[in-house]
Undergrad: 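One structure coming up, written as C-alpha cells, with questions to follow.
Only this structure's heavy atoms are used, side chains among them; waters, hydrogens and symmetry mates stay out.
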Amino acid sequence: MTPDLIAAFVLYAFVSSITPGPNNTMLLASGVNFGLRASLPHILGINIGFSILVLSCGLGIGALFELWPALHDVLKYAGALYMAWLAWKIARSGAPQTAGAKPKPFTFLQAAAFQWVNPKAWIMAIGAIAAYTPADGFFTNVLIITLLYSLTGGPSSLAWAAAGTLLRGFLANPKRLQVFNIAMALLLLASLYPVMIDAAQGIGLMLH
C-alpha cells in the first residue's frame with residue numbers, strides 16, 4: 001500500500017468506526033449502565049472480533065456470498081432479529097430490576113460473535129477489502145488493513161464507552177436512565193432501517 005492509500009484508508013476507518021452504529025450505541029449504553037471498566041471486555045471483543053471478520057473477508061469469505069447469495073440473506077436477517085432482541089434488552093435495563101433479572105455487560109465472546117451478525121461491520125469490512133486493498137501483495141495488504149482498522153477502531157470504541165461513563169452521574173436518576181436506555185434501544189432499531197426496507201421490497205416482489 002502506498003502512503004497516500006494508507007492515509008485515505010485511515011480516514012475511512014476513523015469515520016466508519018467513530019460514527020454511530022450498533023456497536024457504538026451498545027457501548028454508550030454499556031458505559032452508562034455498567035461503567036468503563038466493566039465494558040472493557042465488550043470493547044476488546046469488538047476489536048478482536050471485527051479484526052477476524054476483516055481477515056476472513058480478505059481471505060475469501062466474501063466470495064461465498066457471491067456463490068450463495070441466500071447465505072448472506074440468512075445472516076443478515078438473523079442478525080436483524082438478534083439486534084432487535086438486544087434493543088429490547090437495552091430498553092428493559094432501565095426498568096426496576098429484580099434480584100434474578102439484573103442485566104450484565106457484554107462478555108468478550110458475545111461482543112466478538114456479534115460482529116458476524118452486525119450489518120455495519122460487514123459493510124465496513126467488505127468495503128475496506130474491495131476499495132483499499134491492492135491486488136499486488138494482496139495478503140500483506142489485508143494484514144495492513146486489519147492492523148490499521150484495529151488501531152483506529154479500538155480508540156473509537158473506548159471513546160463511546162467513556163462517553164457513556166461520563167453520563168453516569170447525570171443519569172443516576174432512575175427515570176432519566178430508563179429514558180436514555182429506551183432512546184438507545186430505538187437508535188439500535190433505527191440502524192436496522194436498511195434491512196427492513198430490503199425485506200419489505202423482497203416481500204413486495206414475492207406478492208407480485
Undergrad: Taking all atoms of both residues into account, what is the closest heavy-atom pair of P22 and N118, and its distance?
TA: CG-OD1, 3.4 Å
Undergrad: To the nearest 0.5 Å, what is the distance between SG on C57 and CD1 on I126?
TA: 5.0 Å
Undergrad: Counting C-beta onward and ignoring hydrogens, is there a side-chain heavy-atom pair between I6 and T2 closer than 4.5 Å?
TA: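 No, their side chains stay 4.5 Å or more apart.
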Undergrad: So, using side-chain contact (heavy atoms from CB on, under 4.5 Å) as the criterion, who are the partners of L109 when residues are at least two apart?
TA: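 By the side-chain contact (heavy atoms from CB on, under 4.5 Å) rule, L109 matches T107.
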Undergrad: Go through F114 and M26 one step at a time and tell me if the side-chain contact (heavy atoms from CB on, under 4.5 Å) criterion holds.
TA: CA-CA 11 Å; F114 176 69; M26 290 193 296; 3.3 Å; yes
Undergrad: Might you work through the side-chain contact (heavy atoms from CB on, under 4.5 Å) test for I145 and V54, ending with a clear yes or no?
TA: CA-CA 8 Å; I145 288 290; V54 174; 4.0 Å; yes
Undergrad: Would you give the length of the straight line joining atom OG of S150 to atom CD1 of I52, rounded to the nearest 0.5 angstrom?
TA: 11.0 Å
Undergrad: Kindly indicate whether the side chain of P105, heavy atoms from C-beta on, has any atom under 4.5 Å from the side chain of H42.
TA: no
Undergrad: Who passes side-chain hydrogen bond (donor to acceptor under 3.5 Å, both in side chains) against S157, sequence neighbours left out?
TA: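 Here no residue qualifies.
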Undergrad: Residues in ring pair (Phe, Tyr, Trp, His ring centres under 6.0 Å) with Y149, at least two apart?
TA: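 Only F9, F50 meet the ring pair (Phe, Tyr, Trp, His ring centres under 6.0 Å) criterion with Y149.
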Undergrad: Mind checking side-chain contact (heavy atoms from CB on, under 4.5 Å) for I123 and listing every partner two or more places apart, or none if nothing turns up?
TA: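 I123: no side-chain contact (heavy atoms from CB on, under 4.5 Å) contacts found.
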Undergrad: Minimum heavy-atom separation for T146 to S51, with atom names?
TA: CG2-O, 3.6 Å
Undergrad: We want to know whether S30 and S39 form a side-chain donor-acceptor pair, criterion being a heavy-atom distance below 3.5 angstrom.
TA: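 Present: a donor and an acceptor within the cut-off.
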Undergrad: Determine, using the 4.5 Å side-chain heavy-atom cutoff (strictly less than), whether W122 and L59 are members of one ILVMFWY cluster.
TA: yes
Undergrad: Report yes or no: do V179 and L186 belong to one cluster of Ile/Leu/Val/Met/Phe/Trp/Tyr joined by side chain heavy-atom distances under 4.5 Å?
TA: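 Different hydrophobic clusters.
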Undergrad: Restricting to side-chain hydrogen bond (donor to acceptor under 3.5 Å, both in side chains), what partner residues turn up for T19, sequence neighbours left out?
TA: K120
Undergrad: Would you please test L36 and L158 for side-chain contact (heavy atoms from CB on, under 4.5 Å) and show each step?
TA: CA-CA 8 Å; L36 183 59; L158 186 64; 3.8 Å; yes
Undergrad: To the nearest 0.5 Å, what is the distance between CD1 (I18) and OG1 (T152)?
TA: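 The OG1 atom of T152 is 10.0 Å from CD1 of I18, to the nearest 0.5 Å.
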Undergrad: Test L28 against N24 for side-chain contact (heavy atoms from CB on, under 4.5 Å), laying out the working first.
TA: CA-CA 6 Å; L28 184 65; N24 291 338; over 6 Å; no
Undergrad: Does the S17 side chain pair with the main chain of F14, one donor and one acceptor, at a distance under 3.5 Å?
TA: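 Not a single qualifying donor-acceptor pair exists.
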Undergrad: How far apart are the closest heavy atoms of R168 and V32, and which atoms are they?
TA: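 Heavy atoms of R168 and V32 come nearest at NE-O, 2.9 Å.
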Undergrad: Who else is in the cluster with L151 when I, L, V, M, F, W and Y are joined by side-chain contacts under 4.5 Å?
TA: L147
Undergrad: Measure the CD-CD distance between Q115 and Q110 for me, rounded to the nearest 0.5 Å.
TA: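 Reported to 0.5 Å precision, the distance equals 12.0 Å.
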Undergrad: To the nearest 0.5 angstrom, please state how far the CD1 atom of I43 sits from the CZ atom of F106.
TA: 13.5 Å
Undergrad: Where the side chain of W116 meets the backbone of L53, is there a donor-acceptor pair that is under 3.5 Å apart?
TA: no
